[in-house]
Amino acid sequence: MDNLNLTTLQKGQTMVNDVAIDAFAAGFRGNLLTGKDLDYNAARTIWNAMIDRRPGLIARCAGAADVVRAVRFARDNNLLVSVRGGGHGIAGNAVCEGGIVIDLSAMKSVRVDPEIRRAWIGPGATLADVDQETMAFGLVLPTGINSTTGIAGLTLGGGFGWLTRKFGLTVDNLLSVDVVTADGELVKASETERPDLFWALRGGGGNFGVVTSFEFQLNPLNTEVLAGLVVHPFADAEKVLKEYRQALEAAPDELTCWVVMRQAPPLPFLPQEWHGKEVLVLAMCYCGDMAAGEKATSRLRAIGKPIADVVGPVPFTGWQQAFDPLLTPGARNYWKSQDFASLSDAAIDVLLNAVRKLPGPECEIFVGHVGGAAGRIPTEATAFPQRSSHFVMNVHARWRESGMDASCIGWARELFEATKPLAVGTAYINFMPEDETDRVEMAYGANYARLAEIKLRYDPNNLFRMNQNVKPTAAVRAA
């Protein structure tokens, strides 16, 4: 390969020697991109349009060997490293400034063995890639709610969505990983091989290495689920939320119902006079027998006087993509999140007050109800700490023009501060923006000390720090 002449690729305050760069390029099977390449700008662009960073080198890996070479090159030259899977993370840590991006997006393979109900998935696969392959065999992996999300980042942060209450978190279905550690070695981690590393990877984010393959246990699922939206006027929101809260107390694991509050988009089933007006939406999914689903959802669907009820049998793969049009790339996004043990009257009051002050037509608040199977796993079983049945609030500020930055970010932060006294303190790291690095220890709660000690063993120099970073620290032992 020709000399890359990377004048922006720096180690500390000095430039990386071109000879070292050429040696790296010579054995690299994928593609290496710099600012001179036509594909460079597209390759550095990620889902959140607020992130505008210019890495010195983007290493688009073709396989695990490329990842090993890239990690060793970064380590030997003391480079800032970011790792890109789907590029969907709100914090934008998939792209760094001036360093090297280890880009896994081409590693999209999904192989299913229907006999033993397992799948081996590459780190560049999206949830849509996974669903297409697994559902062909009537099998499913519980993941998130937006099909363009990457499986790698979702899994490493925990992973929850429509099927969490029935089948657990994404990490609860993880059997093993192949991972390149900070010393540039490809190793396997599972319950029996490097169990400490495997424990940390199940919720500890990208702190411990670059995963090149995930092995998952799959679950049987009918190709159709009972799912859809029930849309209420915002004027009825307080009553709806309190009845929603009560209805969930007896909800079976097969039923998941989330709340979305925002200005109504121009959905075809909504009367035109409601477009652009504040609404409350109950988004529900029942992943079992249809007749049982009709019974299980009846109490939720009987709440209030909805504007529209479009709950019915739908292909699960279609339901997984239902929210994609509202979450396309190219918008500016800023999130704030809290975990609630319960949806208290005080929390409802704060949320409703915030909806009355929405700063833009794409800004929203959603409240996801989890628990179920995921809540029956002990907190210490995986790095993911939030195991009690609870509600997850995500304040989703989304807008198009940079001139709206202050109002949209300010709105999200104001709501976050107002809900602090009502929250339990933990957080889903995949919902945390880049300015919440001081919140990481609290987010992991009692699991943080063990994570920090494992980080010290596997990445003592913090090579993998473009993430919600766990600092490598020895545990303090009692005398």
Side-chain angles (χ1 to χ4, degrees), residues 47 62-64 85-88 104-178 190 202 211-229 253-256 283-293 310-325 327-328 372-374:
W47 176 78
H88 209 279
L104 311 173
S105 58
M107 298 171 62
K108 298 172 70 70
S109 65
V110 181
R111 181 171 69 86
V112 176
D113 185 331
E115 294 296 321
I116 59 173
R117 295 179 180 173
R118 291 191 184 183
W120 292 263
I121 302 174
T126 65
L127 307 192
D129 297 325
V130 175
D131 290 338
Q132 182 175 354
E133 295 295 325
T134 61
M135 287 305 298
F137 304 99
L139 299 170
V140 74
L141 175 69
T143 58
I145 67 167
N146 181 211
S147 76
T148 62
T149 302
I151 190 65
L154 178 99
T155 301
L156 295 174
F160 74 93
W162 300 118
L163 304 179
T164 297
R165 289 175 47 77
K166 177 63 176 176
F167 299 123
L169 299 168
T170 308
V171 289
D172 298 335
N173 294 265
L174 186 63
L175 297 175
S176 73
V177 296
D178 295 337
S190 68
R202 286 177 290 168
V211 176
T212 61
S213 180
F214 297 86
E215 180 189 10
F216 290 103
Q217 186 69 55
L218 302 178
N219 305 274
L221 184 73
N222 293 330
T223 56
E224 283 195 331
V225 293
L226 184 68
L229 310 178
D253 289 354
E254 290 82 2
L255 177 61
T256 295
M284 61 190 74
C285 176
Y286 185 90
C287 61
D289 174 76
M290 288 293 171
V310 289
V311 175
V314 294
F316 178 71
T317 53
W319 179 239
Q320 279 287 83
Q321 299 174 26
F323 291 89
D324 289 2
L327 294 167
T328 54

task: Quick one: pull up SG in C287 and CZ in F316 and give me the separation to the nearest 0.5 Å.
output: 8.0 Å

- prompt: So how far is it from T143 OG1 to Q320 CD, rounded to the nearest 0.5 Å?
  reply: 4.5 Å

Heavy-atom side-chain contact between L139 and N219 under 4.5 Å: no

message: Counting neighbours of CZ on R117 that are heavy atoms of other residues, nucleotides or ligands and sit closer than 6.0 Å, is the number greater than 12?
response: no

- request: May I ask you to test the L218-N173 pair for a side-chain heavy-atom distance under 4.5 Å?
  value: no

message: Taking the side chain as everything from C-beta on, heavy atoms only, tell me whether L156 gets closer than 4.5 Å to F214.
response: yes

query: What's the verdict on side-chain hydrogen bond (donor to acceptor under 3.5 Å, both in side chains) for D324 and S147, showing C-alpha distance, side-chain angles and the deciding distance?
result: CA-CA 7 Å; D324 289 2; S147 76; 2.4 Å; yes

statement: Shortest non-hydrogen pair, A373 vs G168, comes out as CB-N, 3.8 Å

- prompt: Heavy-atom distance under 4.5 Å between the side chains of N146 and F323, does that happen here?
  reply: no

- request: Grab the two heavy atoms, one from A292 and one from Y286, that are nearest each other, plus how far apart they are.
  value: CB-OH, 3.5 Å

task: Enter the distance from E133:CD to R111:CZ here, rounded to the nearest 0.5 Å.
output: 11.5 Å

message: Just to verify, which of V211, T134, V130 counts as forming a side chain to side chain contact (heavy atoms under 4.5 Å, CB included) with I121?
response: V130

query: Between M284 and L226, is any pair of side-chain heavy atoms under 4.5 Å apart?
result: no

- request: Would you mind reporting whether L327 and W47 have side-chain heavy atoms less than 4.5 Å apart?
  value: yes

- prompt: Less than 4.5 Å apart, any side-chain heavy atom of M135 and any of T223?
  reply: yes

- prompt: Do the non-hydrogen side-chain atoms of W120 and D178 ever get within less than 4.5 Å of each other?
  reply: no

task: Could you pull out the closest heavy-atom pair between L174 and R202, with the gap in Å?
output: CD2-CG, 4.0 Å

query: Would you call the rings of W319 and W162 parallel, tilted or perpendicular if under 30° counts as parallel and over 60° as perpendicular?
result: tilted

task: List the steps, then state whether side chain to side chain contact (heavy atoms under 4.5 Å, CB included) holds for T148 with L127.
output: CA-CA 6 Å; T148 62; L127 307 192; over 6 Å; no

- request: Might you point out which heavy atoms bring P142 and L163 nearest each other, and give the distance in Å?
  value: CB-CB, 3.9 Å

Exam field: side chain D131 to backbone A128, donor-acceptor pair closer than 3.5 Å: no

query: Is the side chain of D113 donor-acceptor paired with the backbone N or O of E115 at a distance under 3.5 Å, no angle test?
result: yes

query: Is it true that a side-chain atom of R165 and a backbone atom of L255 form a donor plus acceptor pair closer than 3.5 Å?
result: yes

field: G161 to I145 - nearest heavy-atom pair and separation
entry: CA-CG2, 4.0 Å

query: Considering all heavy atoms of both residues, which atom of E215 and which atom of S176 are nearest to each other, and what is their separation?
result: OE1-OG, 2.5 Å

task: Using the side chain to side chain contact (heavy atoms under 4.5 Å, CB included) rule, take T256 and K166 through it: C-alpha gap first, then chi angles, then the decisive distance, then the call.
output: CA-CA 9 Å; T256 295; K166 177 63 176 176; over 6 Å; no

field: Full working for side chain to side chain contact (heavy atoms under 4.5 Å, CB included) between T170 and L141
entry: CA-CA 7 Å; T170 308; L141 175 69; 4.2 Å; yes

message: Check this for me: Q217, atom CD, are more than 12 non-hydrogen atoms of other residues, nucleotides or ligands nearer than 6.0 Å?
response: yes

